[in-house]
*Asks:* 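Questions regarding the structure given below will be posed in turn.
All values derive from a computational prediction rather than experimental measurement. Throughout, a chain's letter reflects where its sequence line sits, starting with A, and its residues are numbered from 1.
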Amino acid sequence: MTEHAHDISLEQAKELVALLEAGQQKRANEMLDEVYNRRNDKLFTSVGQLTRDLHEALQDFQLDPRIVQLTEDELPDAQNRLQYVIQKTEDAANRTMDAVEACLPMADDMHQKIEQLMPKWQQLMDNNIELSEFKSLCHGVDDVLRSCGQNMPQIHGLMTEVLMAQDYQDITGQVIRRVIQLVEDVEKNLIELLKLFGDEAKKGAKKAPQAADKSQAEGPIIDADKRDDVVSGQDDVDDLLSSLGF
Amino acid sequence: MDKNMKILVVDDFSTMRRIIKNLLRDLGFTNIQEADDGNTALPMLQQGDFDFVVTDWNMPGMQGIDLLKEIRKDDKLSHLPVLMVTAEAKREQIIQAAQAGVNGYIVKPFTAATLKEKLDKIFERIS
């Protein structure tokens, strides 16, 4: 169908004038209606086509089984997975701290015992020690050696515990990798959705990020080297605060 | 510095509270209590005779910055030194905390040495 097929032609116009001049009002009206309807047809066809396209696109979109799967199963599943990561990392941190907190008193205890012995030990090294002092030094050294002998295997076991607690990294790494894959899938589908609804959605979206408050809490910054609104470390913080008179 | 001073550590992650408590204990402080956000911390501060607050910024419920503002508004608490230990690293935020009257600001991840340095500085200035 070409553009001109619906236009009124000179012949038709002349015919219309001839009919009116001949007093044939009824036929003239019919002819005018015919021309008018043919032009309207084009509009109806176009609207019809658009409606069909939109309907099909929506239909395709709804029927994409990935969407249903994503929203019904995989997104809630991802939430569970991330909760699991939090739990695993928390457990690992606590396991590590349990072991460290058990080690520290042993280290402190041995340090304290050695500190107590040091003055008498120094006297011995300087060849300046009484026999009674030497005897008490021997008991002291005996005590240190025995507690050291007892504590070291314990500390070794606790250090192994710290080592083993690091296995969370492997497990959580695998889980997080799967969630990244899911986020990519969701992104792809959202892009399809945007294509479907076109420019209107884009216009609305552009305004959103600017609304965020600059001093709003954001959590850890993962790309500090690419941003100029964040500090790069404690030295930066100290410089900034001292420039404010701190 | 009084090693018996009563300290409140506010952070929503129990592991971070535990780390800070351990570091403080290493520095000789043993009188330490914990809260998991500003809403829990504020009534504790109002009822207890705390001498020092260490708080995170980003927490559910009341955030650290709001806790700081509440402390400064309250006649009985306004003198309390507050140290912020947080992953929040935007310049705007650090300026905001300074304006709200924070006594020290540490960004995570941090070291034991940094914590000691800031504590010394805060109490040196107060005394």
Side-chain angles (χ1 to χ4, degrees), chain A residues 83 85-108 111-112 158 162 165-166 168 172 209-210 212-246, chain B residues 12-23 25-26 28 37-38 55-67 69 83-118 121-122 125:
Chain A
Q83 282 294 342
V85 169
I86 293 180
Q87 189 58 51
K88 272 282 157 191
T89 50
E90 187 183 333
D91 289 348
N94 280 321
R95 252 176 94 185
T96 305
M97 284 190 280
D98 284 343
V100 170
E101 282 174 11
C103 279
L104 289 177
M106 285 190 258
D108 289 345
H111 182 234
Q112 207 185 349
L158 291 164
V162 169
Q166 310 311 309
Y168 79 90
T172 57
Q210 283 167 353
D213 183 358
K214 276 184 187 163
S215 55
Q216 197 73 40
E218 177 176 327
I221 307 288
I222 55 164
D223 53 354
D225 50 337
K226 291 186 196 125
R227 290 173 54 168
D228 52 10
D229 64 331
V230 299
V231 293
S232 62
Q234 190 62 41
D235 288 344
D236 254 11
V237 176
D238 296 348
D239 289 348
L240 178 59
L241 287 176
S242 70
S243 77
L244 294 169
F246 255 68
Chain B
D12 53 330
F13 277 86
S14 64
T15 47
M16 186 44 72
R17 295 200 298 269
R18 202 169 161 189
I19 290 171
I20 293 173
K21 254 173 99 170
N22 265 297
L23 292 175
R25 204 179 296 139
D26 246 14
D37 83 324
T55 183
D56 186 18
W57 181 311
N58 195 6
M59 295 177 286
M62 193 198 292
Q63 303 218 331
I65 186 73
D66 298 319
L67 175 64
K69 287 175 185 167
L83 172 65
M84 209 154 227
V85 180
T86 172
E88 298 302 325
K90 281 185 279 189
R91 286 173 208 283
E92 292 268 351
Q93 290 177 297
I94 297 164
I95 294 168
Q96 198 194 353
Q99 285 166 347
V102 82
N103 299 77
Y105 198 105
I106 297 178
V107 281
K108 295 175 187 169
F110 66 105
T111 64
T114 304
L115 182 65
K116 184 178 186 319
E117 184 199 319
K118 299 306 166 203
K121 213 170 164 188
I122 289 172
R125 212 173 267 155

*Asks:* What are the two closest heavy atoms between Glu218(A) and Glu88(B), and how far apart are they?
*Replies:*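 Scanning both residues, the minimum pair turns out to be N-OE1, 2.7 Å.
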*Asks:* For chain A, which of Ala87(B), Gly64(B), Pro109(B) has the most heavy-atom pairs under 4.5 Å?
*Replies:*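 Looking at each of Ala87(B), Gly64(B), Pro109(B) in turn, Ala87(B) comes out on top.
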*Asks:* For the residue pair Met97(A) and Arg18(B), what are the closest heavy atoms and their distance?
*Replies:*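 Nearest pair, atom of Met97(A) first, then Arg18(B): C-NH2, 3.4 Å.
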*Asks:* Taking the side chain as every heavy atom from C-beta outward, state whether Asp229(A) and Glu92(B) have any pair of such atoms under 4.5 Å apart.
*Replies:*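 Contact flag for Asp229(A)/Glu92(B) side chains = no.
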*Asks:* Measure across Val230(A) and Lys90(B) and return the closest heavy-atom pair with its distance rounded to 0.1 Å.
*Replies:*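 The answer is CG1-CG, 3.6 Å.
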*Asks:* Are there more than 12 heavy atoms of other residues, nucleotides or ligands under 6.0 Å from atom CG of Asp228(A)?
*Replies:*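 Not more than 12 within 6.0 Å, no.
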*Asks:* Contact part of Thr15(B) toward chain A, heavy-atom cut-off under 4.5 Å: side chain, backbone, both or neither?
*Replies:*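 Both parts, backbone and side chain.
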*Asks:* Which residues from residues 96-106 of chain B are near chain A, with near meaning under 4.5 Å between non-hydrogen atoms?
*Replies:*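 Under the 4.5 Å heavy-atom cut-off, Gln96(B), Ala98(B), Val102(B), Asn103(B), Tyr105(B), Ile106(B) qualify.
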*Asks:* Closest heavy-atom contact between Gln93(B) and Ala217(A)?
*Replies:*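 Closest heavy-atom pair between Gln93(B) and Ala217(A): NE2-CA, 3.5 Å.
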*Asks:* For the residue pair Ser14(B) and Glu90(A), what are the closest heavy atoms and their distance?
*Replies:*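 Reported closest heavy-atom pair: OG-OE2, 3.6 Å.
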*Asks:* Is chain B contacted by the side chain of Asp108(A), its backbone, both, or neither, given a heavy-atom distance below 4.5 Å?
*Replies:*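 Asp108(A) has no heavy atom closer than 4.5 Å to chain B.
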*Asks:* Please name all residues satisfying side chain to side chain contact (heavy atoms under 4.5 Å, CB included) with Leu23(B), sequence neighbours left out, ordered by chain then number.
*Replies:*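 Listed in chain order: Ile19(B), Phe110(B), Ala112(B), Leu115(B).
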*Asks:* Considering only heavy atoms, which portion of Thr86(B) lies under 4.5 Å from any heavy atom of chain A: side chain, backbone, both, or neither?
*Replies:*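 No part of it gets close to chain A.
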*Asks:* Output side-chain donor-acceptor pairs under 3.5 Å for residues 237-246 of chain A, partner residues at least two apart or in another chain, one line each.
*Replies:*
| from | atom 1 | to | atom 2 | distance (Å) |
| --- | --- | --- | --- | --- |
| Asp238(A) | OD1 | Gln234(A) | NE2 | 3.0 |
| Asp238(A) | OD1 | Lys118(B) | NZ | 3.1 |
| Asp238(A) | OD2 | Lys118(B) | NZ | 2.9 |
| Ser242(A) | OG | Asp238(A) | O | 3.3 |
| Ser242(A) | OG | Asp239(A) | O | 3.0 |
| Ser243(A) | OG | Leu240(A) | O | 2.6 |

*Asks:* Could you have a look at Thr111(B), Asn58(B), Ile65(B) and say which one has the most heavy-atom pairs with chain A under 4.5 angstrom?
*Replies:*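 When all of Thr111(B), Asn58(B), Ile65(B) are compared, Asn58(B) has the most.
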*Asks:* Checking Arg91(B) against Asp236(A) for the side-chain contact (heavy atoms from CB on, under 4.5 Å) test, could you report, in this order, the C-alpha distance in whole Å, the side-chain angles of both residues, the deciding distance, and whether it holds?
*Replies:* CA-CA 9 Å; Arg91(B) 286 173 208 283; Asp236(A) 254 11; 3.8 Å; yes
*Asks:* Under the rule for side chain to side chain contact (heavy atoms under 4.5 Å, CB included), what residues qualify as partners of Gln87(A), not counting sequence neighbours?
*Replies:*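 Result, side chain to side chain contact (heavy atoms under 4.5 Å, CB included) vs Gln87(A): Asp91(A).
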